[in-house]
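Presented below is the structure to which this report refers.
This structure is a prediction, so every number in the text was calculated from the model and none was measured. Values below: all heavy atoms of this structure, side chains included; hydrogens, waters and symmetry mates excluded. So you know, we letter chains A, B, ... as the sequences are listed, proteins then strands, and number each from 1.
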Amino acid sequence: MSSSNEEEIEWTDDDEEDNIGLDSDVARLRNEESMAAGPSRPPLVSHFIGMGFPEDMITHAIEEHGEGNTESILDTLLTYTAIEKSPSSQMEVSPQSEGEIPLTDEEFSDIDVTGEEERVADLSEKDKRLLQLVEMEFPAEDALSAIDRCGPNASFLELVDSILAAQMAKDSDDFSDLWEDFPLSEDEEEETNVREDKRRQFLNRNQYGSGPSTGLHTSPSNLPYPMVGFGLPSDPQRITHRELPKSAYGPPYFYFENVALAPKGVWEEMSKHLYHVEPEFVDSRYFCSTARKRGYIHNLPIDKRIQLLPPPPLTIQEALPSAREWWPSWDNRTKLNCILTSKVSARHTKKIIEAIAITSGESPSPLVQEFVLKECRRWNLIWVGLHKVAPLEPGDMEVLLGFPRNHTSGLGFSERYKCLGNSFQIDTVAYHLSVLKELFPHGLRVLSLFSGIGGAEVALHRLGIPLNLVVSVEKSESSRMIFKAWWGQTKQRGTLISMDDVKQLNEEKLKELIRLYGGFDLIIGGSPCNNLTGSNRVSRTGLEGEHSSLFYDYSRIVHFVRSFIRGRM
DNA sequence: ACGATTATGAGAGGAACG
DNA sequence: CGTTCCTCTCATAATCGT
């Protein structure tokens with residue numbers, strides 16, 4: 001009966017904003033195409049020199065805006081001098097311009113688990129490995145002997161495996177309780193047989209370094225590096241076995257997703273409410289050409305994962321050939337940052353492009369390069385023309401995330417950015433869900449919460465898993481519309497039940513659905529991250545926030561459905 | 001009224017350095 | 001060890017423009 005599904009617009013009580021404030025003439029600096037490049041006058045130049053700007057920069061700015069527009073000139077100068085506040089600019093840029101480490105194609109395509117930031121080979125390979133292992137709090141002697149055992153060019157995971165194998169051989173259960181100092185949830189009395197696979201413990205090193213009870217102490221590096229979860233498809237040494245808490249084992253399976261960089265304590269709290277299953281943190285940068293750091297709490301088997309075929313391009317330049325055409329050599333990015341829900345303003349983009357254009361010649365000056373590169377990283381810009389950058393278009397976002405192009409067409413631009421920024425990366429999720437294909441050869445009954453534009457269903461469909469039943473909960477009407485359109489376009493034969501409020505799924509409704517369809521095989525959902533993500537500058541209030549607290553509905557439904565179904569079996 | 005546009009940093013972790 | 005700098009992040013709300 002909790003049909004009070006209106007918590008969306010509570011702040012409409014103070015909307016008497018009838019300020020038709022068009023009175024203020026804000027029509028200043030509309031368009032300054034006064035390209036009358038007059039002679040640079042010493043008075044104006046010296047005026048800015050007196051303010052501390054370099055002379056050549058002033059000259060360029062005056063040529064750009066015309067000598068009359070002092071306001072725009074000052075604006076430009078202030079923008080450029082923001083670069084100089086970084087004292088490392090001179091040191092970092094100059095060796096690059098002369099030393100010139102060119103980007104080879106192998107660097108574009110090769111994905112190394114140990115991270116590509118380590119290509120500087122000052123230390124010997126052995127020393128670097130040793131340093132890494134010691135930083136992960138392995139005893140130095142154990143690390144050394146492992147390096148000796150595995151040879152000079154062993155992968156990082158091989159070394160970890162070797163060390164842990166040796167440690168387990170000599171019976172060490174002294175570091176197995178990172179996970180056990182959590183208070184048990186009141187509903188489950190699972191014995192704390194959280195004998196986690198030790199390889200995973202060390203992969204996700206320090207994952208829960210500071211327990212919730214004690215104050216913080218040592219380095220709370222909460223997230224693993226590299227953020228590859230149980231391992232990549234290409235890694236033969238990837239982890240293929242883990243031990244789940246007993247209460248979490250078996251179907252119906254659950255698969256939960258949220259942002260990896262949540263406020264402190266949030267992942268511990270979410271794990272506590274999902275059978276104490278340890279999250280798997282994965283950055284989609286290892287599966288495609290755009291980053292997406294996410295945590296996944298699930299009870300799926302992990303031993304027979306297969307990646308989606310064909311695998312997507314791993315670099316921007318491969319994924320967006322039109323961008324590669326214009327990509328300058330001094331932009332060394334091969335991966336895009338996370339696709340967010342909003343994009344850069346056209347005004348700011350114009351300012352960046354003007355900064356590039358201010359240098360005549362082949363390539364901009366090192367200072368401008370650094371400025372542009374920084375802005376490109378911040379706003380996830382790509383090259384769309386000679387000396388011209390632009391934000392991603394919705395169609396490119398769809399492809400990068402693994403959706404069919406034009407998956408969200410029919411919506412306005414703002415809505416497309418929003419729902420795409422909120423969605424899964426299909427290849428990453430499909431890799432995890434792929435184990436279901438063998439387990440359910442005749443198809444799945446899916447309970448899909450916070451479905452959005454149907455990322456989970458698209459992943460399952462691309463895996464070739466029939467969707468016999470999908471009960472989908474999604475608040476946004478436009479997202480529901482997109483999902484239903486996809487459902488029809490792909491000629492799904494199963495049953496689709498769509499609703500808008502997760503509160504409607506009370507025990508009675510769930511019992512009815514289970515009675516009708518026999519049960520569910522998978523309960524999947526990424527609960528709202530609004531109050532968790534660092535992108536939120538206004539209301540990053542944590543798991544108890546207005547939207548993100550809907551996580552508790554996910555865990556409530558998972559617990560009820562699992563206990564109810566398993567009670568009938 | 002409604003979609004499009006725009007301005008708005010904190011926070012956490014890692015790297016470099018002494 | 002601490003300090004400093006650097007990097008990145010499934011967004012919100014006021015405003016604009018039809």
Note to self: Tell me whether the side-chain N or O atoms of Arg294(A) pair up with the base of dC10(C) as donor and acceptor below 3.5 Å, since no angle test is needed here.
What the structure shows: yes
Margin query: To check you understand the geometry: which heavy-atom pair defines the closest contact between Val458(A) and Gly402(A), and what is its length?
Written below: CG1-O, 4.5 Å
Next item on the list: For residues Ser478(A) and Leu411(A), report the shortest heavy-atom separation together with the two atoms involved.
Entry: CB-CD2, 3.5 Å
Next item on the list: On DNA chain B, check which nucleotide each of Pro263(A) and Lys343(A) is closest to and give me the residue with the more 5' one.
Entry: Lys343(A)
Checklist line | Nearest-nucleotide 5' precedence on DNA chain B, Leu261(A) against Val344(A) | finding: Val344(A)
[X] has an atom [atom1]; how far is it from atom [atom2] of [N], in whole Å?
{"X": "Lys351(A)", "N": "dT5(B)", "atom1": "NZ", "atom2": "P", "answer": "18 Å"}
{"X": "Lys350(A)", "N": "dT5(B)", "atom1": "NZ", "atom2": "P", "answer": "15 Å"}
{"X": "Ile339(A)", "N": "dC8(C)", "atom1": "CD1", "atom2": "C1'", "answer": "15 Å"}
{"X": "Asn380(A)", "N": "dT7(C)", "atom1": "CG", "atom2": "C1'", "answer": "13 Å"}
{"X": "Asp283(A)", "N": "dT7(C)", "atom1": "CG", "atom2": "C1'", "answer": "13 Å"}
{"X": "His348(A)", "N": "dG9(B)", "atom1": "NE2", "atom2": "C1'", "answer": "14 Å"}
{"X": "Arg378(A)", "N": "dG9(B)", "atom1": "CZ", "atom2": "P", "answer": "11 Å"}
{"X": "His547(A)", "N": "dA13(C)", "atom1": "NE2", "atom2": "P", "answer": "8 Å"}

Looking at the side chain of [X], which of [options] is the nearest nucleotide?
{"X": "Val259(A)", "options": "dA7(B), dT8(B), dC10(C)", "answer": "dC10(C)"}
{"X": "Asn536(A)", "options": "dT12(C), dC10(C), dA7(B)", "answer": "dT12(C)"}
{"X": "Lys374(A)", "options": "dT7(C), dG13(B), dC10(C)", "answer": "dT7(C)"}
{"X": "Arg537(A)", "options": "dT9(C), dT12(C), dG9(B)", "answer": "dG9(B)"}
{"X": "Arg540(A)", "options": "dG11(B), dT12(C), dC10(C)", "answer": "dG11(B)"}
{"X": "Arg377(A)", "options": "dT6(B), dC8(C), dC10(C)", "answer": "dC8(C)"}
{"X": "Arg347(A)", "options": "dT9(C), dG13(B), dA7(B)", "answer": "dA7(B)"}
{"X": "Lys264(A)", "options": "dT12(C), dG13(B), dC10(C)", "answer": "dG13(B)"}

What contact category does [X] fall into here, base, sugar-phosphate, or nothing, at under 4.0 angstrom with non-hydrogen atoms?
{"X": "Gly526(A)", "answer": "base"}
{"X": "Ser527(A)", "answer": "base"}
{"X": "Cys529(A)", "answer": "base"}

Next item on the list: For the pair Tyr417(A) and Phe413(A), name the ring-plane relationship: parallel under 30°, tilted 30 to 60°, perpendicular over 60°.
Entry: tilted
Checklist line | Parallel, tilted or perpendicular, as decided by the 30° and 60° cut-offs, for the rings of Tyr255(A) and His432(A) | finding: tilted
Margin query: If the cut-off is 4.0 Å, is Asn530(A) near the phosphate of dT12(C), judged by side-chain N/O to OP1 or OP2?
Written below: yes
Salt-bridge contact [X]-[Y] (side-chain N to carboxylate O under 4.0 Å):
{"X": "Asp283(A)", "Y": "Lys293(A)", "result": "yes"}
{"X": "Lys503(A)", "Y": "Asp553(A)", "result": "yes"}
{"X": "Glu280(A)", "Y": "Arg305(A)", "result": "yes"}
{"X": "Asp396(A)", "Y": "Arg405(A)", "result": "yes"}
{"X": "Glu415(A)", "Y": "Lys418(A)", "result": "no"}
{"X": "Lys351(A)", "Y": "Glu375(A)", "result": "no"}

Margin query: Exactly one of Trp267(A), Tyr296(A), Tyr286(A) should register a ring pair (Phe, Tyr, Trp, His ring centres under 6.0 Å) with Phe281(A). Which one does?
Written below: Trp267(A)
Check: Do the side-chain N and O atoms of His461(A) and Glu457(A) include a donor-acceptor pair separated by under 3.5 angstrom?
Finding: no
Next item on the list: Report yes or no: do Glu257(A) and His298(A) form a side-chain donor-acceptor pair below 3.5 Å?
Entry: no
Margin query: If a pair means Watson-Crick or G-U wobble with both distances below 3.5 Å, what does DNA chain B look like in dot-bracket form, with | marking bases paired to a different strand?
Written below: ||||||||.|||||||||
Item checked: Strand-adjacent residues in residues 410-417 of chain A, judged by heavy atoms under 4.0 Å from DNA chain B -> Gly412(A), Phe413(A), Ser414(A)
Next item on the list: For DNA chain B, find the residues of residues 423-434 of chain A with a heavy-atom distance under 4.0 Å and give them by number; none if there aren't any.
Entry: none
Note to self: For the P atoms, the ones on dC10(C) and on dT5(B), what distance do you get once it is rounded to whole angstrom?
What the structure shows: 24 Å
Next item on the list: Could you say whether Ala291(A) or Ser539(A) is positioned toward the 5' end of DNA chain C, judged by the nucleotide with the nearest heavy atom to each?
Entry: Ala291(A)
Margin query: Pair Tyr253(A), Ile524(A) - check side-chain contact (heavy atoms from CB on, under 4.5 Å), show working.
Written below: CA-CA 8 Å; Tyr253(A) 294 101; Ile524(A) 191 168; over 6 Å; no
